[in-house]
Amino acid sequence: MDDAIIKQMLENANWAPTHKLTEPWRFVVFTGDGLRKLGEFQGTCYKKVTEADGTFKEERHQNLINKPMESSHIISIGMKRDEKKSVPEWEELAAVFCAVQNMYLTATAYGIGCYISTGGVTNFEEAKEFFGLGPDDKLCGFLNVGVLKDGLALSGKRKPIEEKVKWVS
Ligand SMILES: Cc1cc2nc3c(=O)[nH]c(=O)nc-3n(C[C@H](O)[C@H](O)[C@H](O)COP(=O)(O)O)c2cc1C
């Protein structure tokens, strides 16, 4: 897939709302051989952390190494904590995911497949540095982007909005 669409997604991400203009979103785009490098890092990081805590599973390990190659681009989603901590952390995370949704909507407008994943190395402290993040920052997950199999979009499933809304008039 053309990098131009990814650049458009990133540009739109940059216009997300941001309290006190802290602009906390940070992204690393993996594509081409970068996807192999991401897989290699994920495998090594997962092995190190899980062998130490006794939860290592070889199938999961292989999945983390090989799965990235199924996407055209993978964008790591990071939150850079403002040095002055001028807004609560949850507001920074909210801003980051507004940026992610702008990317999601842009991809959808171009008929491109996307999904957010928060598994793998997302919650490992040891993974942050690889994605350019420091101890106060957060790795929030990954946006996996690719051409849909057979060009078909999967149909979505949600409970009715009426179950989640109360009107006051
Ligand atoms: C914060 C967040 C984390 C998510 N993590 C995962 C994940 O780890 N794995 C996954 O398959 N889907 C994950 N999803 C859900 C998908 O991105 C997607 O929204 C869901 O599968 C429903 O598909 P649809 O939005 O295309 O209808 C996550 C969504 C959000 C908002």
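Atoms within each ligand, like the ligands themselves, are counted from 1 in listed order. Everything numeric here is computed off the predicted structure, so don't read it as measured data.
- By the side-chain hydrogen bond (donor to acceptor under 3.5 Å, both in side chains) test, E23 pairs with no residue at all, sequence neighbours left out.
- Residues F30 and H73 place their aromatic rings such that the two centres sit no closer than 6.0 Å.
- Heavy-atom contacts of G119 reach the following atoms of ligand 1: 8 (O) (cutoff under 4.0 Å).
- Considering CZ of F27 and CD1 of I75, their distance stands at 7.5 Å, rounded to 0.5 Å.
- For G141, the heavy-atom gap to ligand 1 stays at 4.0 angstrom or more.
- Here the side chains of F131 and L38 are in contact, with some heavy-atom distance below 4.5 Å.
- Of the listed residues (V100, T118, I116), the one carrying the non-hydrogen atom nearest atom 16 (C) of ligand 1 is I116.
- Close contacts between ligand 1 and S117 involve ligand atoms 5 (N), 6 (C), 7 (C), 8 (O) [criterion: under 4.0 Å to a heavy atom].
- Every residue meeting the side-chain hydrogen bond (donor to acceptor under 3.5 Å, both in side chains) condition with S117, not counting sequence neighbours, appears here in chain and number order: N144.
- Residue R158 has at least one nitrogen or oxygen atom sitting less than 3.5 Å from a nitrogen or oxygen atom of ligand 1, judged on distance alone.
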